[in-house]
> 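So that we are looking at the same thing, I have put the structure below in structure tokens.
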Protein chains: 2
Amino acid sequence: MKAAPADPGRHYATRARETIARLLADQRRYLSAAAVYRLLGKRKPKVSLSTVYRTLEFLVETGIASKRIDDGGETTYVTCNAVHHHHAICSNCGRVEEIECAPVTAIANQLMARHSFKLNDHEMEFYGTCAACR
Amino acid sequence: MKAAPADPGRHYATRARETIARLLADQRRYLSAAAVYRLLGKRKPKVSLSTVYRTLEFLVETGIASKRIDDGGETTYVTCNAVHHHHAICSNCGRVEEIECAPVTAIANQLMARHSFKLNDHEMEFYGTCAACR
DNA sequence: ATCTCTGCAAATGTTTTGCAGACAA
DNA sequence: TTGTCTGCAAAACATTTGCAGAGAT
């Protein structure tokens, strides 16, 4: 009897993915592919930089992480849930906190109405010092 | 008698800078260095891509323009005034409109207070369709 | 068995830089 | 004259990709 063929289009659970997802979840701050690669460096079976790139993009597509391009033009990733929200980034420890979006949307709508601009989407980020670092 | 030496640390007004500043002011939308270089291409005395890069950065430092890194990781520039404000970007024509910041600051402060996060700075952008394109 | 994932090395695309000559003041 | 700008070509980086073999189901 023939073995069932692999489910087409399906994603595999691999060591690299688990490792990187866990690392990102532990850190809770924006990390570049290079940074992840560096932090991974100590673990026994190495993961290549290409795989780090591919995995981070995979996590974003899956909704497990979100990405952001920092001032230096480097793409950075952080663990977060899929529902729309904003990020408060601590300038001291780098920790990222999720912020609810509703109040932001409200203001955005008011402002755009004034400009006769039909709003489709918005982005917002907060920078400062988190409770733990004050 | 000796001619007066050039004022040290001073900036020169050159053809390249005037040309690029005018182009950016006419366009009022985010343009990459490559895009500016392309648009410049038709004019008689050519400006090199390096100079475009240097000039755009110069305009930002001078407060005549602001930059933003788009989704593809490309750095883009737009003419704008120096006081803090936000940008509404039309998805159709690319036109950028300046939005006052006060209402955004108010909401930001309220939100951050709830999270015991000391707010230092924020960023916000609006995407949609401008009045002319509706 | 089959289809996906990974590593490696090479390719890409953007932005930066060193240097000598052109240009503004 | 003096210091700043510019063009050119090379360098520096971050990110992507082709391919063959390893791994997951």
Side-chain angles (χ1 to χ4, degrees), chain A residues 1-23 30-41 43-62 64-77, chain B residues 1-24 30-41 43-62 64-78:
Chain A
M1 166 186 193
K2 265 175 51 181
D7 193 347
R10 150 161 215 182
H11 297 137
Y12 289 177
T14 66
R15 183 182 51 78
R17 292 182 175 179
E18 283 167 22
T19 309
I20 293 176
R22 192 166 333 119
L23 174 75
Y30 277 103
L31 295 175
S32 67
V36 169
Y37 182 69
R38 226 175 295 127
L39 290 169
L40 244 39
R43 323 223 170 179
K44 359 184 193 175
K46 241 187 74 179
V47 175
S48 76
L49 184 55
S50 309
T51 297
V52 172
Y53 273 105
R54 287 188 279 225
T55 301
L56 289 171
E57 275 308 315
F58 169 79
L59 294 178
V60 170
E61 283 159 24
T62 310
I64 292 170
S66 79
K67 67 172 161 179
R68 151 176 202 268
I69 302 181
D70 72 17
D71 304 320
E74 233 182 345
T75 306
T76 54
Y77 303 80
Chain B
M1 162 188 199
K2 267 176 47 182
D7 193 347
R10 148 157 214 184
H11 297 137
Y12 291 177
T14 66
R15 185 181 52 76
R17 290 180 178 182
E18 284 168 21
T19 308
I20 293 175
R22 192 167 333 118
L23 174 76
L24 216 56
Y30 278 103
L31 295 174
S32 66
V36 169
Y37 181 70
R38 226 176 294 126
L39 289 170
L40 244 38
R43 323 222 172 179
K44 358 183 195 178
K46 243 187 73 183
V47 175
S48 76
L49 184 56
S50 309
T51 298
V52 172
Y53 272 105
R54 287 188 278 224
T55 301
L56 288 171
E57 275 308 314
F58 168 78
L59 294 177
V60 170
E61 282 159 23
T62 310
I64 291 171
S66 79
K67 67 171 162 180
R68 151 175 202 270
I69 302 181
D70 72 17
D71 305 319
E74 231 182 347
T75 307
T76 55
Y77 303 81
V78 74

> Rounded to the Å, how far apart are Leu56(B) CG and dT6(D) C1'?
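Taking atom C1' of dT6(D) as the reference, CG of Leu56(B) is at 15 Å.
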> Measure OH/Tyr37(A) against P/dA14(D) and give the value in whole Å, please.
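Value for this atom pair: 14 Å.
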> Without decimals, in angstroms, what is the distance between Ile69(B) CD1 and dA14(D) P?
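Rounded to the whole Å, the gap is 13 Å.
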> List in chain and number order the residues that pass ring-ring contact (aromatic ring centres under 6.0 Å, His included) with Tyr53(A), two or more places apart in sequence or in another chain; answer none if no residue qualifies.
none
> Under 4.5 Å between any side-chain heavy atoms of Tyr77(A) and Leu31(A), yes or no?
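The answer is no, as the side chains (C-beta and beyond) never meet within the 4.5 Å cut-off.
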> Can you tell me how far the CD1 atom of Ile64(A) sits from the CD1 atom of Ile20(A), to the nearest 0.5 Å?
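Taking CD1 in Ile64(A) and CD1 in Ile20(A), the distance rounds to 12.0 Å.
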> Are OP1 or OP2 of dC3(C) and a side-chain N or O of Arg10(A) less than 4.0 angstrom apart?
no
> Quick one, Val36(B) with Val47(B), criterion side chain to side chain contact (heavy atoms under 4.5 Å, CB included). Give me CA distance, side-chain angles, the key distance, then yes/no.
CA-CA 10 Å; Val36(B) 169; Val47(B) 175; over 6 Å; no
> Test your reading of the model: is there a side-chain donor-acceptor pair from Arg17(A) to the backbone of Tyr12(A), 3.5 Å cut-off?
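A pair under 3.5 Å: yes.
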> Look at Thr51(A) and dG7(C) and indicate whether a side-chain polar atom (N or O) is within less than 4.0 Å of OP1 or OP2.
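Yes, such a contact exists.
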> I want to check one thing: is the phosphate of dG23(D), taken as OP1 and OP2, less than 4.0 Å away from some side-chain N or O of Arg15(A)?
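Checking Arg15(A) against dG23(D): no side-chain N or O falls below 4.0 Å of OP1 or OP2.
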> What do the steps show when you test Leu23(A) against Leu39(A) for side chain to side chain contact (heavy atoms under 4.5 Å, CB included), and what is the final call?
CA-CA 8 Å; Leu23(A) 174 75; Leu39(A) 290 169; 4.1 Å; yes
> Test for a donor-acceptor pair under 3.5 Å between the base of dC23(C) and the side chain of Tyr12(B), counting only N and O atoms.
no
> Round to a whole Å and report the spacing from CZ of Arg17(B) to P of dA22(C).
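Distance, rounded to whole Å: 19 Å.
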> Could you write nucleotides 10-20 of chain C as a row of B, S and -, 5' to 3', where a protein heavy atom under 4.0 Å of any base atom gives B, of only sugar-phosphate atoms gives S, and otherwise -?
----SBBBB--
> Report the distance from atom CG of Leu59(B) to atom P of dC5(D), rounded to the nearest whole Å.
12 Å
